Engineer: 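Shown below is the structure under consideration.
Every value quoted in this text rests on a predicted model; they were computed, and no experiment measured them. Throughout, a chain's letter reflects where its sequence line sits, starting with A, and its residues are numbered from 1. The figures that follow rest on heavy atoms only: side chains count, while hydrogens, waters and symmetry mates do not.
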Amino acid sequence: MSEASQQKPDQPAVHDDHALYQQALLAHHKSPVGYNLAIVATHSAQGVNATCGDDIKIAVEIEQNYLQALAFYGDSCAICRASASMLCQHLKGLSVAEVLALSQKVKASLSENVSLIGVAAEQFEPLRSVEKFPVRKQCALLPWTTLEQALNATS
Amino acid sequence: MSEASQQKPDQPAVHDDHALYQQALLAHHKSPVGYNLAIVATHSAQGVNATCGDDIKIAVEIEQNYLQALAFYGDSCAICRASASMLCQHLKGLSVAEVLALSQKVKASLSENVSLIGVAAEQFEPLRSVEKFPVRKQCALLPWTTLEQALNATS
Amino acid sequence: MTSASPWKQDFPIFSSHAHPSLCYLDSAATCLTPKHVADAVYHYQCYSHANSHKGLYQLSANVTEKVEHARETVADFIGATSGASISFNSGTTEGINLIAFSFVEPILSDAYKKGKPSNLVISAVEHHANLLPWQRLAERYQAELRVVKITDEGIMDLAHLSQLLDNNTRVLAFSHCSNVLGRFNPAEQICRIAKRHHVPTIVDGAQAVAHGKTNVSAIDCDFYVFSAHKLYGPTGCGVMYGKTEHFEQMRPYQLGGGIVSKVNFTESDFVAGATKFEPGSHHVAGIVGLVEAIEYLHDISWPDIQQHMEKLALYLNTSLNELPYYQPLIVPSAKRLAAQPTEVASIVSFRLKNVHCHDVASLLDSNNIAVRAGHHCAQPLHETLGVTATVRASLGLYNDFSDVDKLVAGLDQAYQLMTG
Amino acid sequence: MTSASPWKQDFPIFSSHAHPSLCYLDSAATCLTPKHVADAVYHYQCYSHANSHKGLYQLSANVTEKVEHARETVADFIGATSGASISFNSGTTEGINLIAFSFVEPILSDAYKKGKPSNLVISAVEHHANLLPWQRLAERYQAELRVVKITDEGIMDLAHLSQLLDNNTRVLAFSHCSNVLGRFNPAEQICRIAKRHHVPTIVDGAQAVAHGKTNVSAIDCDFYVFSAHKLYGPTGCGVMYGKTEHFEQMRPYQLGGGIVSKVNFTESDFVAGATKFEPGSHHVAGIVGLVEAIEYLHDISWPDIQQHMEKLALYLNTSLNELPYYQPLIVPSAKRLAAQPTEVASIVSFRLKNVHCHDVASLLDSNNIAVRAGHHCAQPLHETLGVTATVRASLGLYNDFSDVDKLVAGLDQAYQLMTG
Ligand SMILES: Cc1ncc(COP(=O)(O)O)c(C=O)c1O
Ligand SMILES: Cc1ncc(COP(=O)(O)O)c(C=O)c1O
């Protein structure tokens, strides 16, 4: 009953396979896809993460219900930036309905630790390194919630 | 530094010589002097002790600057009642100035544990049993502060 | 049941080097602390303490998780469906003040500006904490403070309640269990009546939560408040349950860090949800201790607690009733006692014939018996019942038959000394 | 000074079974707890707990005495002449809200009703706790909220202060030490200027009290507030010092038991003095822990504490300044540093070139280094200085040179990883 049982000796938080800043994520951070890209946006939205100070804008160009181009702008931490970059990389060419479905899955995977399957797993698995870092989940989530706002808004 | 050092095993709070309800005090409680006495009051005041619910009225008859008669009324605990009774018993015949001086001394003796000397010591010593019971000091004090109010007021 | 309390040993104050002969009968004021709770607080402060909700580092994230998890534990404890309905504060007093300011005052102010009359309804048994905030609001908005009478049994008079509620009633605030009479109000029924008049309900649960399973969902009140220290938890910690649908329209109460999403020198945006009412650093040690207290009670189990407390309460009431000079504030009808023995109060307030209450308490104290004397922060109730003060004895987990016997012996002695 | 902190061993969190390699650099958020304090709280809850101020029995009277004695200890600690000027609450946040409601709002409301313009003055560095309450009052009474600029050194610009104060200034509220910049304001001088304009002063001492002897009598402020948990004390406990001459005219803040002398259903009389601001049950465990924390610091002695902290702060600032990618929020002038080495801040807020603050904090955390990242509840200050977030490192008694070395190594690693 006492909390003594919850005390653990220090464990270094970095295990290579559980580290927050994995190589795949860092790569997106360093060479982000869609960052400051000039596109002919039909829809866009601004997302702010108060705790972290992340401030990001997601813009998409939709033509005949398909996402032709994606871009993001603003100042954010590496997690948010990498998440936005992956989003821009992998959603291009999908239909709005496909994107919304996928976004649901990615969000669930991040907030409820649900595993991704299939191609989504490959594409977005690096994001799941936030699993062990509850405070940073919102950073990874922000581009996705912002994207959904953009899709629901009429630009 | 820790509070452990302050812990004492239970001590019965009643030592005959330190008990709150000493015989002398109980005697005043049971046969109070001046209680509900009909006097021709020239001065009076009401005193209330919120914590205890004591509600007492002190009345005096002053003639040519001397206290000719004292009385008290109301509902109060035994400590307050005994204190009022002693007051009525011993202040009769004194001058206003003498009473105020004595009242100062008794109040100091009760609130700051200053010893009384001389005849006052004999008369009011039983009241000092409240010394060990800080919460009850106000009960013993109430008749005295009320008396002072009465003397300062013009009836 | 043997006469000894099976849980007394959980409370270090009774250990031989401390106060082994203490007869503590003031649990309605505050409960003594089980070692479990003191340990949990100790371990938290020693090994886990950090700022919650603000740090990115593991130690802080763990504390945040503790606080968020505590919402779930508390929700579960009082039968709320979600931790999102739970907000932490410093105690019942703050909880009621918070609701008065954040929820009720804007409603009153609005009616006032529109020239509509308003009234607030409370009951005659209320603790000052559930009276003074309404008195202040009533005065400020020229609203009427209506007081529901109590029955001879010491519970709310439902017929009178129905009469008092009307279209201008802005709130009904009442205690689940009176801290003077120890009687439970039929909270479900009361809230149903209020609902019929579209009146929001606030339940002061300070005395109720330690005495049986509370179910705010069944009661269907809008708000429910209580304090950790009356539940064997630590000092300085309280809980406000509220239906989450109210949170959005409520304004923040105290203002400070952690409740804002965006601030500049001219304006601020506030966060949503229960944290809006938790500015500044959380009293995490208190929250951790509260969780431990809840788990402690859970481990004992309500049926066991209630069985013990009911037998003890019955013994207390029966024993006191036998004293010829005993004058209870409320005389439970024999019929009711017989019909519903489980409803015997574990808080009793009384006087001894011709002996002042404070003398009784002092004399009991000299025998190591701790009872409360005075108006117990319910002065108007005492006035209503025509007395200024009473002696109050209230039971906790550590009490057993021997405590009742000591009390009775002590009262006898006091009575003889003062009147003999 | 050897490189090790002589007091680290007093903090159980660093023991071998807990977090021996923790590098805790977030004391400005909350201080870790020395065993002394946790012990005192534990012993209180286990062996001494009872309700204060309400029981006639010995256990309760002892608790009352503890609380009353604590007022004296605290008064002494901050250089107040009497315990009567000390009121306990749940923290700095509540303290400021209390003063805003009880003292300032009536003054504003009065001016407003008379059609007189009002303004409130704060400084640009204020924590949200010392901004939001004034923002709310300013809005409610159409008063102007004036913000004193800070100098390049991060302290209040006194010339600007003098310009802003006028006959319509109802209050000046400022922090003794900024929780972002770590710089002390010349509080005495500021209060003297305010006094010339007959403006009452409120000092937020949350960050100041742990870093040297505070003397409210010398500062001559009207109010001074702080929290126990930023002083190595327990959570949920705070202090408001006020000149007692103000207490009478102040209205009670939260309403509840223990602050009233007479109550009926239509009106109430309140008690006088500091207890008027302490409704409901006291957080006695918190008060006991605060007293213990004060005694702990007293036993170490301010000169020893300051000597350690100053050397460490100097080392921290010097080490960070050597990093080519280090971007401090405030650049202390070399001249000043040389002239007043003792004024080096033990709180530093900074950014790393091209690396987001939250990434820095997370990466440091992976090396067991706890720093804060964000706006530290001082968003307007950050906006004023043109940044959205910073990393903050702040020192406590347990820190030593090795912690600074770890921080520097961690920053290096983070910088390389993110930009390399
Ligand atoms: C300068 C300052 N003021 C006020 C506060 C608020 O203190 P608390 O959260 O203890 O109420 C803090 C700490 O967060 C602070 O640093
Ligand atoms: C019925 C009731 N309401 C409110 C309170 C106030 O609780 P607290 O002092 O913990 O705020 C109490 C206890 O004193 C109580 O018994």
Side-chain angles (χ1 to χ4, degrees), chain C residues 12-13 18 26 29-30 32-33 35 38 41-42 45-47 49-51 54-59 90-91 93-94 97 127-129 132-133 135-136 145 147 229 234-237 254-257 260 263-265 268 279-281 283-286 358 361-362 365 370 372-373 377 379-380 383, chain D residues 12-13 18 26 29-30 32-33 35 38 41-42 45-47 49-51 54-59 90-91 93-94 97 127-129 132-133 135-136 145 147 229 234-237 254-257 260 263-265 268 279-281 283-286 358 361-362 365 370 372-373 377 379-380 383:
Chain C
I13 196 166
D26 199 16
T30 196
L32 298 175
T33 315
K35 188 163 186 306
V41 171
Y42 179 82
Q45 289 277 184
C46 278
Y47 302 114
H49 176 57
N51 219 14
K54 280 155 202 157
L56 292 175
Y57 49 92
Q58 210 50 45
L59 199 65
S90 65
T93 302
E94 177 160 301
N97 278 274
H127 187 280
H128 294 164
L132 299 178
Q135 198 168 75
R136 172 140 82 186
L145 185 63
V147 181
H229 73 101
T235 62
C237 178
Q254 307 203 68
L255 299 175
V260 272
V263 182
N264 60 36
F265 285 122
S268 314
S281 307
H283 176 19
V284 185
H358 286 73
S362 281
D365 177 45
R372 176 95 170 256
C377 294
Q379 203 172 1
E383 214 173 289
Chain D
I13 195 166
D26 198 17
T30 195
L32 300 175
T33 315
K35 187 162 187 306
V41 170
Y42 179 82
Q45 288 278 183
C46 278
Y47 302 114
H49 176 56
N51 219 12
K54 280 156 201 156
L56 291 174
Y57 50 90
Q58 209 51 46
L59 200 64
S90 66
T93 301
E94 176 159 301
N97 278 273
H127 187 280
H128 293 165
L132 299 178
Q135 196 167 76
R136 171 139 84 185
L145 186 63
V147 181
H229 74 101
T235 62
C237 178
Q254 308 203 70
L255 299 176
V260 272
V263 182
N264 60 37
F265 285 122
S268 315
S281 307
H283 177 19
V284 185
H358 287 75
S362 281
D365 177 43
R372 176 95 170 257
C377 293
Q379 203 172 2
E383 214 173 289

Engineer: Under a 3.5 Å threshold, yes or no: a donor from one side chain and an acceptor from the other, between C:T30 and D:H49?
Structural biologist: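 Distance-only check passes for C:T30 and D:H49.
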Engineer: Applying side chain to side chain donor-acceptor pair (under 3.5 Å), name anything that partners C:N51, two or more places apart in sequence or on another chain.
Structural biologist: none
Engineer: Can you tell me how far the NE2 atom of D:H128 sits from the OG atom of C:S268, to the nearest 0.5 Å?
Structural biologist: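 Atom-to-atom, D:H128:NE2 and C:S268:OG are 7.5 Å apart.
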Engineer: How long is the straight-line distance from CD of C:E94 back to CD of D:Q254, given to the nearest 0.5 Å?
Structural biologist: 4.5 Å
Engineer: Checking the side chain of D:S90 only, and the main-chain atoms of C:S90 only, is there a donor and an acceptor separated by less than 3.5 Å?
Structural biologist: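 Side chain of D:S90 to backbone of C:S90: no pair is present.
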Engineer: Tell me, with the steps shown, if C:Q45 and D:V41 meet side-chain contact (heavy atoms from CB on, under 4.5 Å).
Structural biologist: CA-CA 10 Å; C:Q45 289 277 184; D:V41 170; 6.0 Å; no
Engineer: Which bit of C:V260 comes within less than 4.5 Å of chain D, counting heavy atoms only: side chain, backbone, both or neither?
Structural biologist: side chain
Engineer: With the side chain counted from C-beta on, respond yes when C:L56 and D:D365 share a heavy-atom pair under 4.5 Å apart, and no when they do not.
Structural biologist: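 In short, these two side chains do not touch, never coming nearer than 4.5 Å.
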Engineer: What pair of heavy atoms forms the shortest contact from D:P12 to C:Y47, and how long is it?
Structural biologist: O-CE2, 3.4 Å
Engineer: Given 3.5 Å as the limit, does a donor-acceptor pair link the side chain of D:N264 with the main chain of C:P380, or not?
Structural biologist: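 No, the answer is negative, given that no donor and acceptor are paired below the 3.5 Å cut-off.
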Engineer: May I ask you to name which of D:G286, D:A373, D:S281 has the most heavy-atom pairs under 4.5 Å with chain C?
Structural biologist: D:S281
Engineer: With a 4.5 Å cut-off on heavy-atom pairs, point out which of C:A370, C:C377, C:G280, C:A361 contacts chain D the most.
Structural biologist: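 Maximum pair count with chain D is reached by C:A370.
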Engineer: Checking D:L145 against chain C: side chain, backbone, both or neither under 4.5 Å from a heavy atom?
Structural biologist: side chain
Engineer: Under the side-chain contact (heavy atoms from CB on, under 4.5 Å) criterion, do D:K35 and C:Y42 qualify, and how do the steps go?
Structural biologist: CA-CA 9 Å; D:K35 187 162 187 306; C:Y42 179 82; 3.3 Å; yes
Engineer: For chain C, which candidate among D:P279, D:G91, D:C237, D:G257 shows the most heavy-atom pairs at distances under 4.5 Å?
Structural biologist: D:G257
Engineer: For residues D:H283 and C:H283, establish whether the separation of their ring centroids is below 6.0 Å.
Structural biologist: yes
Engineer: Mind ranking D:D26, D:V147, D:L32, D:N97 by heavy-atom pairs under 4.5 Å with chain C and telling me who comes out on top?
Structural biologist: D:N97
Engineer: Is it the side chain or the backbone of D:E383 that comes within 4.5 Å of chain C heavy atoms, both, or neither?
Structural biologist: side chain
Engineer: Please classify the contact between C:Q135 and chain D as side chain, backbone, both or neither, with a heavy-atom cut-off of under 4.5 Å.
Structural biologist: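 Just the side chain, heavy atoms under 4.5 Å.
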